[in-house]
Number of protein chains: 2
Amino acid sequence: MKSSSVFKRAHNRCLNKLAGTEPGALLPAESKLALDLGVSRTTVRAVLSSLTSTGIICRDGSGRRLARRPLAADYFPEAQTESTGAAVERRFMEWILQGDFRPGKLINCAELARQFSTSTTAIREHLAHFNHFGLLERRPNSAWMFKGITADFATEIYEIREMFELRSAHRFAELAPDAAAWSELDIIEREHRQLLANIDERYRDFSRLDERLHRLIHDASQNSFVVNFYDVISMIFHYHYQWNKADEKERNFVALHEHLAYIAALRSRDLRTIDAKCRAHLKTARKTLLQSIDLRLNPD
Amino acid sequence: MKSSSVFKRAHNRCLNKLAGTEPGALLPAESKLALDLGVSRTTVRAVLSSLTSTGIICRDGSGRRLARRPLAADYFPEAQTESTGAAVERRFMEWILQGDFRPGKLINCAELARQFSTSTTAIREHLAHFNHFGLLERRPNSAWMFKGITADFATEIYEIREMFELRSAHRFAELAPDAAAWSELDIIEREHRQLLANIDERYRDFSRLDERLHRLIHDASQNSFVVNFYDVISMIFHYHYQWNKADEKERNFVALHEHLAYIAALRSRDLRTIDAKCRAHLKTARKTLLQSIDLRLNPD
DNA sequence: GCTCTGATTTTTACATATAAAAAACCGTTT
DNA sequence: AAACGGTTTTTTATATGTAAAAATCAGAGC
């Protein structure tokens, strides 16, 4: 059966909205809330009905009013707001990064389903995702083969990444001066400087900023294959950031400066400079990833 | 329940092998046959047991002998050898190419399952494949959106294809002179010339040759992302070949000559010439695809 | 030892079943 | 008539069930 993660997520998001509302105030219409929370009116009604029974809101004719401010205890635990699919993908990545799986290892979904205590249907459907990422290879009527993450895999990914990012950076430089991307670049640059000013406490915030910058650049390619490919990079990086904590502050410090040089190059619109700064940064990023992989496969 | 397409395919392939065997001859061991037919020994035993009961083979101690030559009536119909998944993918492509689906059209899998008379599970699992190809967009808890095949989509694909194929062609030129790919290229070239000699009758065989040449070149990239991307190209082309029959002979004639120039460029190992010939051919191929798309979206 | 076949166990592919969520439908009210 | 809330219908996500196919086990013969 389906877990009610959509309901629970909407419920928590609704509480967040209500936290900024004065008690006694009238709530928006159901359809407005549905649009706002990104779910169907059916789910909104389920949430409102739940909030009524816990006494957070009360009916007033055909409308609803906030009865009291929501408390921390009114929220569903964060873990219950994750959909089964998202949980499978997260757990799978953690599983292959933490367990020691050599490339070539066979993975059967019956066993995985038992280990993750879900159904084989959910496993099958979501492992297909990693098949597309190149992490798994599906062999019909048989077990899946775990293929990476090896140094070769990283090299292949980076070969594509460099092609795509250079192309995207060129496109970025060609954007009209009034394009929204330029002001987003300004904001990102400012956040880089703020992060550098507090590097000692905030160095862990780098990865989110890294994602934002590179995604902005890739978006300029206007090519869905390029944009989708960044999802692969992003996923691989996301999980490896969690693994390799060695010299994290120093690495992020260097990367922040490389980003600033890259941003300046984009602003100059000089393709040669852009290529140079982009390549320099990607080279460092690849080195970091290869280091993480080496650390994981050959822990000292 | 699972269709026995694996069994039926193995059964037909086994009959093909037996057609070249003298009656009375001893069959290979079960495990040898399994390896040969690419299925498990369990399936081989099921096939052999079936062939025994139809009197095509007979037991001889612990071995088996061919009793009579197989007839056309002994084969399972071709349609039954297609797995459910493959059938769903093929039928879906035919459905979107033949029906008039404008980009943005919503597709729900419940309806598709009814139309294709399979289960929603099979539909869901295989539509995910087209999600990865960029033909569909999955919207959680809701219907799928059909995105292409539009002119924009073709342009995006060709942007990537050009990047990947130029890179692969360079790698191809750098292969050692004794690499197997060079002799495969010789064979492909010879087949091009043979096809050109009989262009009037055999022009339809071009698409298979096209696939072989480009796949050979992409393989030289040694990059699984590049190789996998060619699957997308291949699929799009495969279905559009079936659609656009206008000037087919002339188009294939031109393409064959472009291929020969491209092959000669690869042999010269001169990167400039390779780039020129590769670009020229891809430009024509893109034009053909765009024409097919236009023909489909705006039939005269 | 290795290779073969026969029998048993496990896994995969897919159909079916069902709660969660979306969508559609339908009077009311403004 | 557009917006709203109540109700009903349909669809999605996923758990469960099962035939097909793979994998494993076990004994026989060389």
Side-chain angles (χ1 to χ4, degrees), chain A residues 1-10 27-34 37-49 59 61-64 83-88 106-114 117-128 138-144, chain B residues 1-10 27-34 37-49 59 61-64 83-88 106-114 117-128 138-144:
Chain A
M1 128 200 29
K2 218 166 165 175
S3 75
S4 52
S5 64
V6 174
F7 163 76
K8 287 173 180 169
R9 206 161 43 239
L27 300 200
E30 290 175 1
S31 40
K32 286 260 192 297
L33 270 170
L37 299 172
V39 293
S40 70
R41 198 160 68 82
T42 308
T43 303
V44 165
R45 282 173 64 81
V47 168
L48 292 175
S49 149
R59 307 239 35 164
S62 80
R64 292 177 180 88
S83 76
T84 311
V88 166
L106 294 179
I107 293 172
N108 65 4
C109 44
E111 191 195 312
L112 260 192
R114 280 191 294 270
S117 50
T118 52
S119 66
T120 52
T121 312
I123 296 283
R124 282 175 62 75
E125 187 161 335
H126 292 94
L127 285 202
R138 180 173 218 162
R139 12 188 54 213
N141 297 310
S142 181
W144 300 65
Chain B
M1 135 203 17
K2 216 166 165 176
S3 77
S4 52
S5 65
V6 174
F7 162 76
K8 287 173 179 169
R9 205 160 46 239
L27 300 201
E30 290 175 2
S31 40
K32 286 260 190 296
L33 270 170
L37 299 172
V39 293
S40 70
R41 198 161 66 83
T42 307
T43 303
V44 167
R45 282 170 66 82
V47 168
L48 292 176
S49 148
R59 307 239 35 164
S62 79
R64 292 177 181 87
S83 76
T84 310
V88 165
L106 294 179
I107 293 171
N108 64 5
C109 44
E111 192 196 311
L112 259 191
R114 280 192 294 269
S117 50
T118 53
S119 67
T120 52
T121 311
I123 295 283
R124 281 176 64 75
E125 187 161 335
H126 292 94
L127 284 203
R138 180 171 217 166
R139 11 187 56 212
N141 296 310
S142 183
W144 299 64

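Proteins get letters first, then strands, A, B, ... in listed order; numbering begins at 1 in each.
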* Taking side chain as C-beta onward, heavy atoms only, is B/Asn141 less than 4.5 Å from A/Lys2? -> yes
* **Donor/acceptor link under 3.5 angstrom from B/Thr120 side chain onto base of C/dT16** => no
* To do: Answer yes or no: is there a side-chain heavy-atom contact under 4.5 Å between A/Leu127 and A/Arg138?
  => no
* Can you find an N or O donor on one side and an acceptor on the other, under 3.5 Å apart, linking the side chain of A/Lys2 with the base of D/dT14? -> no
* How many Å lie between CZ on B/Phe7 and P on D/dA22, as a whole number? -> 12 Å
* To do: Indicate whether OP1 or OP2 belonging to C/dC14 is found under 4.0 Å from a side-chain N or O atom of B/Thr121.
  => no
* Phosphate-side-chain proximity, B/Arg59 and C/dG6, N/O vs OP1/OP2 below 4.0 Å -> yes
* So what does B/Arg114 touch, heavy atoms closer than 4.0 Å: a base, only the sugar-phosphate, or nothing? -> sugar-phosphate
* **5′-ward residue of the pair A/Leu106/A/Glu125 relative to DNA chain D** => A/Glu125
* To do: State which of C/dC14, C/dA21, C/dC4 makes the closest approach to the side chain of B/Lys32.
  => C/dC4
* Asked: Taking N and O atoms by type only, does the side chain of B/Ser31 place a donor or acceptor under 3.5 Å from a partner on the base of C/dT5?
  -> no
* Options D/dT12, C/dA15, D/dT14, nucleotide nearest the side-chain atoms of B/Thr84 -> C/dA15
* Distance in angstrom units between A/Glu111 CD and C/dT11 C1', rounded -> 11 Å
* Residue whose nearest DNA chain C nucleotide is more 5′ - B/Gly63 or B/Asn141 -> B/Gly63
* Asked: When we call it a touch if two heavy atoms are under 4.0 Å apart, what does A/Ser4 touch: a base, just sugar-phosphate, or nothing?
  -> sugar-phosphate
* Asked: B/Arg138 has an atom CZ; how far is it from atom C1' of D/dT11, in whole Å?
  -> 13 Å
* Minimum heavy-atom distance between A/Leu37 and A/Ala10, given as atom pair plus value -> CD1-O, 4.0 Å
* **Student check: side-chain heavy atoms of A/Leu27 and A/Leu48 closer than 4.5 Å** => yes
* Asked: With a non-hydrogen cut-off below 4.0 angstrom, is B/Thr42 in contact with a base, only sugar-phosphate, or nothing?
  -> base
* Assign each of B/Ser142 and A/Ile107 to its nearest nucleotide of DNA chain C by heavy atoms, then name whichever residue's nucleotide is nearer the 5' end. => A/Ile107
* Asked: Separation of B/Arg41 atom CZ from D/dC25 atom P, in whole Å?
  -> 13 Å
* Asked: How long is the gap from OG1 on B/Thr43 to CD on B/Glu30, to the nearest 0.5 Å?
  -> 11.5 Å
* Round to a whole Å and report the spacing from CZ of A/Arg9 to P of C/dA20. => 15 Å
* Where is the tightest heavy-atom contact between A/Cys109 and A/Thr120, given as atom of each residue plus distance? -> O-CG2, 4.1 Å
* C/dC4, C/dT12, D/dG5: which one has an atom nearest the side-chain heavy atoms of A/Cys109? -> C/dT12
* Spacing between B/Asn108 atom CG and C/dA23 atom C1', to the nearest angstrom -> 11 Å
* Structure fact -> From CG of B/Leu37 across to P of D/dA20 the rounded distance in Å is 19 Å
* To do: Using a heavy-atom cut-off of under 4.0 Å over every strand shown, decide if A/Arg139 touches base, sugar-phosphate, or nothing.
  => nothing
* To do: Using atom CD of A/Glu30 as one end and atom P of C/dA23 as the other, report the distance to the nearest whole Å.
  => 16 Å
* What nucleic acid atoms does B/Ser62 come within less than 4.0 Å of, heavy atoms only: base, sugar-phosphate, or nothing? -> sugar-phosphate
